[in-house]
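Here is the structure we will look at, set down as structure tokens.
Numbering of ligands and ligand atoms starts at 1, following listing order. Each residue takes its place number in the sequence, starting with 1.
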Amino acid sequence: MDVKSPYLHPEYETLSREEICKLQTERLRETMQRCMKVPFYAQKFKEAGVTPDDIKSPDDVRRLPFTTKQDLRDTYPFGLAAVPLSECVRLHSSSGTTGNPTVILHTQRDLDEWANQVARNLWMVGLRPDDVFQNSSGYGMFTGGLGFQYGAERLGMLTVPAAAGNSLRQIKFMKDFGTTAVHAVPSYLTRLYEVMQEQGVDPRKDTKLRVFAIGAEPHSEEQRQRIEKMFGVKAYNSFGMSEMCGPGVGFECQEQNGLHFWEDYYIVEIVDPETLEPVPDGEIGELVLTSLRREAMPLIRYRTRDLTRVLGRTCPCGRNHVRLDRMKGRSDDMMVLRGVNIFPIQIEKILMQFTELASNYLITLTTDNDNDNMTVEVEIADMFTDDYKRLQELTKSVTRALKDEILLTPIVKLVPKGTLPVSEGKAVRVVDKRKVYQ
Ligand code: AMP
Ligand code: ZN
């Protein structure tokens, strides 16, 4: 490890586009070989009439079938394993809000490479072995716990598995252990800041914090900037998903100009979710990922349901790995209200522009007198809850700003700080109580 190098894996991080394509071609062939041991894929490759030898460039991935979450459910629990279970050493499972949960298997090599990926990201944002890393995310089945734990250890940092919640203890650890970096979901960090304020702790003076890794849930640029201003700490967007290993799939570099998705590990496609055809760079579509190194459960053209776009394929940081925009949301998060498509992140973006508002909010959809309505409850930052006139004016301005963004007039309710529910894991931003007409 050369602590002065900006790269942890220069041999992969600084590949040219040509070299990336060559490596991806080789690795896609190897991945297909591994997939041939899975009856599900063997059958699909046969139907498509494609063998590993037909792969001449990464674009040939388009000749292969897609894989969906439903396929993972249908083959639950071990139907997509490409190695005998005796070679697997870890299983993660997503809760699965509908139907069967999904299972992801890992060999020891999968875990080692996952740790390398996470370490690479943390190194990229300037962390080094003398940093102290506090992982304030849930442990257990949620991959943000163990994923960051092993990655931070691999980098050589003193790593504190604080897990989520218990804010007073989190703050004490940060102060006592000299924590310099924290990983957490963004909604939890804004809550943590409020607790710091209540406790009279000034993160700038009383802690050594300098880097945050925030991710696992959609958040707006405005939310990120707010977090950075609150703490005086740089916050880097971290993208991951259990199906691809967990955290480490994509991460922002110090330029903060989008997420570098690691093309030595994945083939990245952005497709139109309706036609499944590729969309041009710059246009929003569904992210589709093919894993290139996973042994236990390689996935071909996995439809993530996450919506994003390509921002570029070069970067001043010297990494040519494709840069993707922050996720706009998942196609399943999209609310359709009176025929208008709305993403929660659009609401968040507007709310975060009002300094009078705190960071916690909740969107509730209801049917009243056969009309669908949206209520946006948001906590107020300032202590002027009894200044009725000011509250009324603020409510009006927020309503107007939201209307300009979503083209519908929501019911805005300003509520005192601490009244809306806070989750320790991914935030629940939308409650849909609408009547379903059959
Ligand atoms: P899971 O594998 O259950 O932890 O969930 C993975 C999903 O979390 C992804 O498909 C995204 O929808 C979401 N996600 C993870 N990281 C981010 C991020 N940085 N920004 C937006 N959404 C994210
Ligand atoms: Zn970069």
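The shortest N/O to N/O separation between G215 and ligand 1 does not fall below 3.5 Å. Polar contact check, H219 against ligand 1: no nitrogen or oxygen pair lies under 3.5 Å apart. In terms of polar-atom proximity, S242 is counted as a contact of ligand 1, with an N or O under 3.5 Å from an N or O of the ligand. Annotation: T304 places no N or O atom under 3.5 Å from an N or O atom of ligand 1; distance criterion only.
Residue-level proximity to ligand 1 for N237 is carried by the side chain, the only part with a heavy atom below 4.0 angstrom. Counting heavy atoms under 4.0 Å from ligand 1, residue S238 touches it through the backbone alone. Counting heavy atoms under 4.0 Å from ligand 1, residue M327 touches it through the side chain alone.
Each of the following atoms of ligand 1 lies closer than 4.0 Å to a heavy atom of F142: 4 (O).
Proximity of the aromatic rings of F261 and F239 is defined here by a centroid distance below 6.0 angstrom, and this criterion is met. When ring centroids are compared, H92 and W114 come within the 6.0 Å threshold. Aromatic rings of F231 and F212 (six-membered ring for Trp) have centroids within the 6.0 Å cut-off, being under it.
Protein heavy atom closest to atom 5 (O) of ligand 1, with residue, atom name and distance, is K426 NZ, 3.0 Å. Among all protein heavy atoms, the one lying closest to atom 11 (C) of ligand 1 is D306 OD1, 3.2 Å. The nearest protein atom to atom 20 (N) of ligand 1, hydrogens excluded, is given as E217 O, 3.4 Å; this is a heavy-atom distance.
Between the side chains of R338 and N373, a donor-acceptor pair is found at a separation under 3.5 Å. Counting only N and O atoms by type, the side chains of Q117 and N121 include no donor and acceptor under 3.5 Å apart.
Under the side chain to side chain contact (heavy atoms under 4.5 Å, CB included) test applied with E221, the options Q256, E348, R326 reduce to a single match, R326.
Geometry about the Zn ion (ligand 2) gives an angle of 100° between SG of C317 and SG of C315, rounded in steps of 10 degrees. Draw a line from the Zn ion (ligand 2) to SG of C253 and another to NE2 of H260, and the angle between them is 110° (to 10°).
In this structure, A216 counts as a contact residue of ligand 1, since one of its heavy atoms falls inside 4.0 Å of the ligand. Not a single heavy atom of R326 lies less than 4.0 angstrom from ligand 1.
Nearest heavy atom pair, residue T25 against residue C21, reads OG1-O, 2.6 Å.
No cation-pi contact links R293 to Y265, judged by a cut-off of 6.0 Å to the six-membered ring centre and 45° from its axis.
Side-chain atoms of H219 come within 3.5 Å of backbone atoms of E217 as a donor-acceptor pair (strictly under, hydrogens ignored).
With P218, G138, S137, A213 as candidates, the residue nearest to atom 21 (C) of ligand 1 on a non-hydrogen basis is P218.
For R210, the salt bridge (charged side-chain N to carboxylate O under 4.0 Å, His left out) partners at least two apart in sequence or on another chain are D131.
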